[in-house]
Amino acid sequence: MNATAPSGHFIRQIIDADRAAGRHGGRVITRFPPEPNGYLHIGHAKSICLNFGMAREFGGRCHLRFDDTNPITEEAEYVGSIQRDVAWLGFDWGEHLYFASDYFDRMYRWAEELIRRGKAYVCTLTPEEFKAYRGVPSRPGKPSPWRDRPAEESLDLFRRMQAGAFEEGAYVLRARIDMASPNLHMRDPVIYRIRKASHHRTGDRWNVYPMYDYAHCLEDSIEGVTHSLCTLEFEVHRPLYDWLLDALELFHPQQIEFARLNLSYTVMSKRKLLELVREGKVAGWDDPRLPTLCGLRRRGVPPAAIRAFCDRIGVTKYESLTDVALLEHCIRDELNRTAPRRMAVFNPVRLVLTNVGEDEVLTCEAINNPEDPEAGSRTLRFGRDLLIEADDFLEDPPSKFYRLGPGRAVRLRYAGVVRCTGFTKDEAGAVTEIQAELDRDGSIEADPATPRIRATIHWVSGRDAVEVEARLYDRLFTVEDPAGEAAETEAEAEADTSADYKRFLNPDSLRRVTARVEPSVTDLPPGASVQFERTGYFCADPEDSRPGRPVFNRTATLRDTWARKATQK
RNA sequence: UGCCCGAUGGUGUAACGGUAGCACGACAGGUUCUGGCCCUGUUAGUCUAGGUUCGAAUCCUAGUCGGGCAACCA
């Protein structure tokens, strides 16, 4: 191990090497360049963490830049939501908030310069002809008859395109590169097209708009971006990125591609997410079952958990499918440290402490978070009538079941030991009430006749418990790779055109239940996380909670080795 | 079909020509007033075939498999 030994993922290594070589004076400037035409999801979080992370790590900066070059799909509404999500994730772009549309004037002038240099021309081919001339990957394309149009003529046409003299589609501006290139993107790609739509920022000022390939490298260059990180599908665009910057002799950032994130049991494509929302398969973009950042936020996933997750998945050029269990682990890990504990009973059965008086009020101290001494404790009231989880009592328990059963003893969390003395059932055979004695002086626990106490169960006071709504969320799909599986089933080459992934929607992805909670739970503000002991992490829904009446979203269950064992056989 | 990219336990990743390691998961045990957390252990991997080398996950060649590219989207 020496100081120059490579370490970390390949992008960090590249940046390290660049700095060591003194490129850009050791400066690191990155950017996160979303198109404002949809909501951010956890796949974007990977990119955000990478870009902002590299900048922070190397003492540079990261820009937030809206890539708003297509007025017909982009809306101002998304600009706000994207900023909110990036900030929520914990990143700060400072003053460096940019819009591609702010560079339209410069881009336009560079386009004219390209024409003057004989490196671009206005083409009059129809879209159909354009396709035919471009050819297929295995065979070279044919030059457009307009390829050698004099610069003066192209210049004039281009200016009239912008002046609004032509209909959409009548003309395009193309870079003059190589119609025989095996890379289709180099076969005289379109760099400007006519669009008579109103832009969310520039209004009706422009009639021509730059294409991604033309615009993006210029945006990066203008901002002095040193490392332009993007996903793998842009790999074939890189030669064009480089060509344009060289043709205009501009500052030349380096484009580096990495694999996008795929997560099991969900879908990540903008199109599919939109479809689920539009068709009402979920309640909206912020449905807690969605991998959108607003969905995860509403579900109660802490931003720190997402950052930890993004740290652990790594950065490579290999297209993988990350197990959602890793995300869940990061969520539990964070919430275990930070979420206060409370008790809630979801499927109640009455527990009567026969040796406690009708009006007697007992109290006990409950620790708010065993992982965080600072969190302190609270006082719990209880009496003769309690509610416990129906699952915690078995009429005829197997030996490995440590909870309550006839004659058995368990510990009530913080309240003491109880021994079951009897139970009653209804006509249907369901247990309706359990009788037990509270070990008020330690004699029951000391009694050699009492079976060893191995379990602690949670409870709420029958008299004090408050009913709240809880939403139990589970994975949205029943299969690991709904998109892939659907495509395979349909024998579809075009996975993205398949609607069949909806076949794998989990019908039980949301269950609404009523929970009985200890009174202090109603004080939790919207958005607050809590662990209901032995059950899971929940979050007071930011939208539907009312003062004193929180609604809880289940963020994640607790690991439950008993449940796993029980279902195993 | 042409070009480009990739391939390490079930999953995600590390190694940069010199002992294949970490995390998640699964399994077993310990601990515990949460069958949580924590701790210990087990499981299991270099796509194939050649080549270079004292030595290859790593370099080379070929193949296999997977992905990308043929919007006036980004």
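To find a chain, count down the sequence lines: A is the first, B the second, and so on, and within it residues start at 1. Scope of the values below: all heavy atoms of this structure, side chains included, with no hydrogens, waters or symmetry mates.
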For this session: Could you check whether A:Y402 and the base of B:G35 form a stacked pair, meaning centres closer than 5.5 Å and planes differing by less than 30°?
Result: yes
Exercise. Contact class for A:L321 vs. all strands (heavy atom < 4.0 Å): base, sugar-phosphate, or nothing?
Worked result: sugar-phosphate
Seminar exercise, completed: side-chain hydrogen bond (donor to acceptor under 3.5 Å, both in side chains) with A:Y103: of A:E219, A:R65, A:E223, only one passes, and it is A:E223
For this session: Examine A:Y212 together with A:H216 and report whether their ring centres are nearer than 6.0 Å.
Result: yes
Problem set entry | salt_bridge(A:E168, A:R193) N-O dist < 4.0 Å | no
Problem set entry | For atom CH2 of A:W562 and atom P of B:U34, their distance in whole Å | 17 Å
For this session: May I ask you to evaluate whether A:S320 reaches the phosphate of B:U13, defined as a side-chain N or O under 4.0 Å from OP1 or OP2?
Result: yes
For this session: Check if the side chain of A:R312 and the base of B:U13 share a donor-acceptor pair of N or O atoms closer than 3.5 Å.
Result: no
Exercise. Taking atom C1' of B:C3 as reference, at what distance in whole Å does atom NE2 of A:H237 sit?
Worked result: 14 Å
Exercise. Does A:T316 make a side-chain N or O approach to OP1 or OP2 of B:G6 shorter than 4.0 Å?
Worked result: no
For this session: Nearest whole angstrom, please: distance from the C1' of B:C5 to the CD of A:E235.
Result: 5 Å
Problem set entry | Protein-nucleotide distance (A:R332, atom CZ; B:U34, atom P), rounded to Å | 18 Å
Problem set entry | Residue met sooner reading RNA chain B from 5', once A:E233 and A:S138 are mapped to nucleotides | A:S138
For this session: Please determine if a side-chain N or O atom of A:Q13 lies less than 4.0 Å away from the OP1 or OP2 oxygen of B:A15.
Result: yes
Exercise. Under 4.0 angstrom, heavy atoms only, what part of the nucleic acid is A:Q531 near: base, sugar-phosphate, or nothing?
Worked result: base
For this session: Establish, yes or no, whether a centroid distance under 6.0 Å links the rings of A:F346 and A:F538.
Result: yes
Problem set entry | Charged tip of A:R201 within 45° of A:F99 ring normal and under 6.0 Å | yes
Problem set entry | Donor-acceptor pair present, A:R454 side chain and B:G35 base, under 3.5 Å | no
For this session: Pick base, sugar-phosphate or nothing for A:E533, based on heavy-atom distances below 4.0 Å to the nucleic acid.
Result: base
Exercise. Strictly under 6.0 Å, is that where the ring centroids of A:F234 and A:F258 end up?
Worked result: no
Problem set entry | Check: A:Y192 ring centre within less than 6.0 Å of A:F158 ring centre | yes
Exercise. To the side chain of A:R195, which of B:G36, B:C73, B:G25 is closest?
Worked result: B:C73
Problem set entry | Closest nucleotide among B:G36, B:C73, B:G35 to the A:L558 side chain | B:G36
Exercise. Between B:C24 atom C1' and A:E334 atom CD, what is the distance in whole Å?
Worked result: 17 Å
Problem set entry | Interatomic distance, A:R411 CZ vs B:U34 P [rounded to whole Å] | 9 Å
Exercise. CG of A:N262 versus P of B:A7: gap in Å, rounded?
Worked result: 16 Å
For this session: Kindly say if A:R559 contacts the phosphate of B:C37, meaning a side-chain N or O under 4.0 Å from OP1 or OP2.
Result: yes
For this session: Tell me which of A:F532 and A:N70 sits closer to the 5' end of RNA chain B, going by the nucleotide each one is nearest to.
Result: A:F532
Seminar exercise, completed: With the side chain defined as heavy atoms from C-beta on, A:N336 is closest, among B:C37, B:A70, B:C72, to B:C37
Exercise. Between the side-chain atoms of A:E371 and the base atoms of B:G36, is any donor-acceptor pair under 3.5 Å?
Worked result: yes
Exercise. Taking the six-membered ring of A:Y265 as reference, does the NZ or CZ atom of A:R475 fall below 6.0 Å from its centre and within a 45° cone about the axis?
Worked result: yes
Exercise. Under 4.0 Å: is that the gap between some side-chain N or O of A:R564 and OP1 or OP2 of B:C27?
Worked result: yes
Problem set entry | RNA chain B stem ranges, 3 or more consecutive Watson-Crick or G-U pairs under 3.5 angstrom | B:2-7 with B:64-69, B:10-13 with B:21-24, B:26-30 with B:38-42, B:47-51 with B:59-63
Problem set entry | Under-4.0 Å side-chain N/O to phosphate OP1/OP2 contact, A:R134 with B:C72 | yes
For this session: Tell me whether the OP1 or OP2 atom of B:G35 has a side-chain N or O from A:R534 closer than 4.0 Å.
Result: yes
Exercise. Is the distance from OP1 or OP2 of B:C73 to the nearest side-chain N or O of A:R193 less than 4.0 Å?
Worked result: yes
Exercise. A:M211 near the nucleic acid: base, sugar-phosphate alone, or nothing, with a heavy-atom cut-off under 4.0 Å?
Worked result: sugar-phosphate
Exercise. Contact class for A:F66 vs. all strands (heavy atom < 4.0 Å): base, sugar-phosphate, or nothing?
Worked result: nothing
For this session: Give one of base, sugar-phosphate or nothing for A:Y209, where a contact means two heavy atoms less than 4.0 Å apart.
Result: nothing
Exercise. Roughly, in whole Å, what's the span from CG in A:N183 to P in B:U1?
Worked result: 18 Å
Exercise. Does the cation-pi check pass for A:K272 over A:Y501, that is, NZ or CZ under 6.0 Å from the six-membered ring centre and within 45° of its axis?
Worked result: yes
For this session: Check whether any side-chain nitrogen or oxygen of A:R413 sits under 4.0 Å from OP1 or OP2 of B:G35, and answer yes or no.
Result: no
Problem set entry | Nucleotide nearest A:D560 when distance is taken to its side chain, options B:G35, B:C33, B:C72 | B:G35
For this session: Just compare B:C33, B:A74, B:C37 and give me whichever is closest to any side-chain atom of A:T456.
Result: B:C33
Exercise. When you measure from the centre of the six-membered ring of A:Y402, is the NZ or CZ of A:R454 under 6.0 Å away and within 45° of the axis?
Worked result: yes
Exercise. In terms of side-chain heavy atoms of A:P182, which of B:A14, B:C3, B:C24 is nearest?
Worked result: B:C3
Exercise. Taking the chi torsion of B:A71, is it syn (within 90° of 0) or anti (everything else)?
Worked result: syn
Exercise. So, is A:H185 close to the B:C69 phosphate, meaning a side-chain N or O under 4.0 Å from OP1 or OP2?
Worked result: no
Exercise. Just checking A:T69: base, sugar-phosphate only, or nothing, at a heavy-atom cut-off of under 4.0 Å?
Worked result: sugar-phosphate
Exercise. Under 4.0 angstrom, heavy atoms only, what part of the nucleic acid is A:K270 near: base, sugar-phosphate, or nothing?
Worked result: nothing
For this session: Using a strict cut-off of less than 4.0 Å between a Lys/Arg side-chain nitrogen and an Asp/Glu carboxylate oxygen, indicate whether A:D333 and A:R337 qualify as a salt bridge.
Result: yes
